[in-house]
Amino acid sequence: MILAFQSDLAGRIRQTVAEAFGVTLDEILVQTTPKLDLGDMALPLAFDLAKKVGRKPRDIAQELAPRLGNIDGIDHAEVAGGGFINLFLDRSAFTASVSSFILSPPAKVLRDGRVIVEHTSINPNKAAHIGHVRNSILGDTFVRLLQARGHEVLTQNYIDDTGVQVADVIVGFEQLEKKSLADIQAIPDRLDYYCWDLYARVFEWYGGDKERKALQVGTLHAIEKHEGPTAELGAYVAARIVRAHIATMARLDIGYDLLVRESDILQQHFWARAFELLKEKKAIEFEEEGKAKGCWVLRMDEAEGGGEENKIIVRSNGTVTYTGKDIAYQLWKLGKLGLDFRYRRHEDSTTARPLWSSTGDHVDEGAPPFGAGASLVFNVIDVGQSYPQRVVKAGVEALAGREAAEGTRHLGYEKVVLSKATARELGYEVDEDAGAVKVSGRRGLGVKADDLLDALEAKASNEIATRDPERSLADRTKAAHDIAVGALRYFMLRFSRNRIITFDMEEALAFTGETGPYIQNSVVRARSILAKVASEGHDVEALLKRAHERSLLDPWLATAEGGSAWSLFLAMARTDEAIETAVRTEEPSVMTRHAFQIAQAFHGYYQNPAHSVVRAESEDLRAVRVLVVQLFVRHTTDIAGLLGIPIPDRM
RNA sequence: GCGCCCGUAGCUCAAUGGAUAGAGCGUUGCCCUCCGAAGGCAAAGGCUACUGGUUCGAGCCCAGUCGGGCGCACCA
């Protein structure tokens, strides 16, 4: 709501400045004040103007303030500090705007151009762990934020079903366990957990043994060929573990539109086409000599970052590297490859959210235009992959131009490591000097996503049981799930992307302080206030209507109570700005902080016994208090939705 | 060696170049005859790693130093 207000305001300020000083400012910065009693918004424009006009900032501010105070929607303006102009809004008019914006939100304006977000992309050879959870929560939340900004988003999950990691567990099944397809099919539930341990055992078994390690390469080739018993094992294990990953992420309310399988990229010969294009455009060169003799390389010298060596795309034996395949895949995402997959409905597809998969056979009709390409593509991948991602971008630029490269975005994030305490709890040996313990799939070292969720749900369930022993088991289970999801999603989002998260079980299990449950609780409490008011015979709708009368709002906003509510109104008004910032800076943590700030403002307001709705001293007061509570409930429920945080019926 | 990221309160983290650097946790006090305390109020806690520079203004930008992490494969 505040974006429109501020852009309108900026126009009027520009006009006022032009009239007063004959200078046209192109950008009008509207900032927040350090404290609300200094004003609602701050303008530092006198500092810029001082240079252009050749006068002192403070004098300019003094001259400008009375004029700005006359602008519609502004109550008055004051000069502060060395030349800040602080604006005090017409609070009742603004409150009325916020209110109508929240209670009857305007239709979303759709933006042109499709956006693709790829996230999750876990190797289908073992259970998902906390690192994957960070990836998926980050990606899923970013999708929600993009949609809130009016973008059409297709969410994709890349399945490397023909990679070495799958080959490794197949080596385990064939060599260590001597299991047939039927044997593996007979493994009851949690094949992903089974493979977690098997994968670690295979690495131990490889040791330094070259013959054993050779089995990995042989198995990989067998899987890539897509025929024979080994390939069959690989396909079965990968497909089953993908289903497990989808189920794990569904617990966190994370879903996808399309699964892209590496095996289909091979089968559709994406790389062959990309290779043709790259050669045609001379984007890659054949090396006649040097250490990359006999290879096709991509020049990286003039690309940003500089100083990097040329990247080998095709090896001297004629095979393509992973990065080469990734360039082909990225070109497809951008609609620049000229090839497309075939599609089928995935077996986990629901009517609520249709899930599609690339396929080599039995094509289903009605797939969305996945192959039409997107103008913006976000790849959610950890920062360790920054270099190959830069290579992909350089490849895209050489082949499809600057615009396509600009649309290729690496949404990178740092890894999740384990605190020493948590690593110890899990039974791992911990080096005393180490600050934290790295997760290692090869050593089976890490916290599985489902185990973490189970622990969170169990703890939440216990909390409920102690606070409210009367609750039914079904109620408790449902609420415990919501609280667990809220806690985990908030925890994974509150850190900046480039910050390593030291995962500590105790910290992640916290339900107090700056957490998801704090926000959930605030809404639940607010709703129960409204329920109580209604149950005592008050007409909530009528009270809301009454609250909008200006003669009522105006004096109330000037009271101490109104001031407390005002900080909440202003914070809620800034939500569109927060979403815009989160998307522009590609930093979802902006949103968690914003949500927390709003919840905190509400807590500060409602906990005061003098602000009781039920025991309001007059119907007028009851009316404005109902308004505060209602606006908060509606708005914060929406914000929680953007973060994927569910609001339980009761805590 | 080259490149990227990080260094802010005891701990975990914030702070579009703006005003007196903020939260949460932890610590110490208060507050449930008050719409559920997963809450609120208050206190203590800081030479923003260091040295220079740019700027009306620097935690933020630039140069350098010191610490920590990660990349720089004919692996994926």
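What you see below is based on every heavy atom in this structure, not just the backbone, and it leaves out hydrogens, waters and symmetry mates. Letters A, B, ... mirror the listed sequences (proteins, then strands); counts begin at 1.
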**Student:** How would you list, by chain and number, every residue that makes a ring-ring contact (aromatic ring centres under 6.0 Å, His included) with A/Tyr413, sequence neighbours excluded?
**Tutor:**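 A/Tyr413: no ring-ring contact (aromatic ring centres under 6.0 Å, His included) contacts found.
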**Student:** Measure OH/A/Tyr413 against P/B/C6 and give the value in whole Å, please.
**Tutor:**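 Result: 18 Å.
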**Student:** If B/G17 has a Watson-Crick or G-U wobble mate with both distances under 3.5 Å, name it; if not, just say none.
**Tutor:**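 For B/G17, the partner nucleotide comes out as none, under the 3.5 Å rule.
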**Student:** What is the separation between atom CG on A/Leu45 and atom C1' on B/C56, rounded to the nearest whole Å?
**Tutor:**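 For the pair A/Leu45 CG and B/C56 C1', the rounded distance is 15 Å.
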**Student:** Which letters describe nucleotides 9-20 of chain B, given B = protein heavy atom under 4.0 Å from base, S = only from sugar-phosphate, - = neither?
**Tutor:** ---SSSSB-BB-
**Student:** Quick check on RNA chain B: between A/Val320 and A/Pro57, whose nearest nucleotide comes earlier from the 5' end?
**Tutor:**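 It is A/Pro57 whose nearest nucleotide is closer to the 5' end.
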**Student:** Could you give the distance separating B/A49 and B/A44 at their P atoms, to the nearest angstrom?
**Tutor:**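 Going atom to atom, P in each nucleotide, I get 24 Å.
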**Student:** Is A/Lys438 near enough to B/C70 that one of its side-chain N or O atoms lies under 4.0 angstrom from OP1 or OP2?
**Tutor:**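 Answer yes for this pair, as a side-chain N or O of A/Lys438 is under 4.0 Å from OP1 or OP2.
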**Student:** May I have the distance from A/Arg625 (atom CZ) to B/C34 (atom P), rounded to whole angstrom?
**Tutor:**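 Spelled out: CZ on A/Arg625 to P on B/C34 is 16 Å.
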**Student:** Just the rounded figure in Å: distance from P of B/A76 to OH of A/Tyr329.
**Tutor:**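 A/Tyr329 atom OH is separated from B/A76 atom P by 17 Å.
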**Student:** Taking it one step at a time, do A/Arg625 and A/Glu617 satisfy salt bridge (Lys or Arg N to Asp or Glu O under 4.0 Å)?
**Tutor:** CA-CA 11 Å; A/Arg625 288 173 187 172; A/Glu617 301 89 322; 3.3 Å; yes
**Student:** With rounding to the closest Å, how many angstrom separate the P atoms on B/C70 and B/U54?
**Tutor:**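 So the two P atoms sit 37 Å from each other.
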**Student:** Filter on salt bridge (Lys or Arg N to Asp or Glu O under 4.0 Å), then keep only pairs touching residues 26-46 of chain A, sequence neighbours left out; what's left?
**Tutor:**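 Residue pairs with at least one partner in residues 26-46 of chain A: A/Asp40-A/Arg91.
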**Student:** Identify whether any heavy atom of A/Lys415 sits under 4.0 Å from a base atom; if not, whether one sits that close to sugar-phosphate; answer base, sugar-phosphate or nothing.
**Tutor:**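 A/Lys415: backbone/sugar contact only, no base atoms under 4.0 Å.
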**Student:** Sticking with atom P, work out how far B/U27 lies from B/U65, rounded to a whole angstrom.
**Tutor:**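 Result for the P pair: 43 Å, nearest Å.
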**Student:** For B/A23, give the paired nucleotide (Watson-Crick: N1-N3 plus N6-O4 or O6-N4; G-U: N1-O2 and O6-N3; both under 3.5 Å), or none.
**Tutor:**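 The answer is B/U12, by the H-bond criterion.
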**Student:** For nucleotides B/A58 and B/A19, find the distance between their P atoms and express it as a whole number of Å.
**Tutor:**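 Taking atom P in both B/A58 and B/A19, they lie 10 Å apart.
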**Student:** Partner lookup for B/G71, please. Criteria are Watson-Crick or G-U wobble with both distances under 3.5 angstrom; report none if nothing qualifies.
**Tutor:**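 Check on B/G71: paired to B/C2, both distances under 3.5 Å.
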**Student:** Could you let me know what B/G7 is paired to, Watson-Crick or G-U wobble, both distances under 3.5 Å, or none if it's on its own?
**Tutor:**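 The base-pairing partner of B/G7, which may sit in any strand shown, is B/C66.
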**Student:** Report the distance from atom CD1 of A/Ile519 to atom C1' of B/G24, rounded to the nearest whole Å.
**Tutor:**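 For the pair A/Ile519 CD1 and B/G24 C1', the rounded distance is 12 Å.
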**Student:** Which glycosidic conformation, syn or anti, is assigned to B/C61 if syn requires a torsion within 90° of zero?
**Tutor:**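 Classified anti.
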**Student:** Return the set of residues passing ring-ring contact (aromatic ring centres under 6.0 Å, His included) with A/His245 (not counting sequence neighbours), or none when no residue passes.
**Tutor:**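 ring-ring contact (aromatic ring centres under 6.0 Å, His included) list for A/His245, sorted by chain: empty.
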**Student:** To the nearest Å, how far apart are A/Asp382 CG and B/C70 P?
**Tutor:**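 Taking atom P of B/C70 as the reference, CG of A/Asp382 is at 12 Å.
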**Student:** Can you tell me the base-pairing partner of B/U55? Count Watson-Crick or G-U wobble geometry only, both distances below 3.5 Å, and say none if there is no partner.
**Tutor:**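 When the pairing criteria are applied, nothing turns out to pair with B/U55, so the answer is none.
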**Student:** Taking a pair as Watson-Crick or G-U wobble with both distances under 3.5 Å, which nucleotide is matched to B/G36?
**Tutor:**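 Here B/G36 is not engaged in any pair, so there is no nucleotide opposite it.
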**Student:** Between B/C30 and B/A15, how far apart are the C1' atoms? Round to whole Å, please.
**Tutor:**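 One C1' to the other, the span is 30 Å.
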**Student:** Rounded to the Å, how far apart are A/Gln385 CD and B/A76 C1'?
**Tutor:**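 About 8 Å, once rounded to whole Å.
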**Student:** Going by atom types only, do A/Gln600 and A/Tyr518 share a side-chain donor-acceptor pair under 3.5 Å?
**Tutor:**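 On atom types as modelled, these side chains do not qualify, holding no pair under 3.5 Å.
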**Student:** Return the value, rounded to whole Å, for the distance between atom CD of A/Glu414 and atom C1' of B/G71.
**Tutor:**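 My rounded result for the distance is 10 Å.
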**Student:** Do we get A/Lys459 above A/Phe511's six-membered ring, with its NZ or CZ under 6.0 Å from the centre and within 45° of the axis?
**Tutor:**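 Relative to the ring axis of A/Phe511, which defines the angle, A/Lys459 lies inside both limits.
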**Student:** With rounding to whole Å, what would you report as the distance between B/G64 and B/G1 at their P atoms?
**Tutor:**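 Those two atoms are separated by 14 Å.
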**Student:** Is a side-chain donor-acceptor pair under 3.5 Å present for A/Asn310 with A/Glu287?
**Tutor:**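 No, because no side-chain N or O of A/Glu287 sits under 3.5 Å from a partner of the opposite role on A/Asn310.
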**Student:** Decide if atom CZ of A/Arg584 counts as having more than 12 heavy atoms of other residues, nucleotides or ligands within a radius under 6.0 Å.
**Tutor:**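 Enclosed: over 12 neighbouring heavy atoms sit under 6.0 Å from CZ of A/Arg584.
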**Student:** Are A/Ser496 and A/Asn498 close enough that a side-chain donor and a side-chain acceptor fall under 3.5 Å?
**Tutor:**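 No - no donor-acceptor pair under 3.5 Å links their side chains.
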**Student:** Searching all strands shown, indicate the nucleotide that pairs with B/A76 (Watson-Crick or G-U wobble; both distances under 3.5 Å).
**Tutor:**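 Paired with B/A76, as far as the under-3.5 Å criterion goes, is no nucleotide at all.
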**Student:** Base contacts versus sugar-phosphate-only contacts with protein, heavy atoms under 4.0 Å: please encode nucleotides 35-48 of chain B as B, S and - from 5' to 3'.
**Tutor:** BBSBSS--------
**Student:** What interatomic distance, in whole Å, is found between P of B/G17 and the corresponding atom of B/C61?
**Tutor:**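 My reading of the P atoms in B/C61 and B/G17 gives 8 Å.
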**Student:** Looking only at the side chains, is there a donor atom on one of A/Thr120 and A/Asn157 sitting less than 3.5 Å from an acceptor on the other?
**Tutor:**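 No, no side-chain donor-acceptor pair sits under 3.5 Å.
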**Student:** With sequence neighbours excluded, what pairs up with A/Glu414 under the side-chain contact (heavy atoms from CB on, under 4.5 Å) test?
**Tutor:**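 Per chain and number, A/Glu414 pairs via side-chain contact (heavy atoms from CB on, under 4.5 Å) with A/Arg134, A/Val383, A/Ile500.
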**Student:** By nearest nucleotide on RNA chain B, pick out whichever of A/Gly290 and A/Lys51 is the more 5' one.
**Tutor:**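 With A/Gly290 and A/Lys51 compared, the 5'-side residue is A/Lys51.
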**Student:** Given the C1' atoms of B/U12 and B/U16, what is the spacing between them in whole Å?
**Tutor:**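 Taking atom C1' in both B/U12 and B/U16, they lie 24 Å apart.
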**Student:** For this output row, return yes or no: ring centroids of A/Tyr329 and A/Tyr158 closer than 6.0 angstrom.
**Tutor:**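 They qualify: ring centres under 6.0 Å apart.
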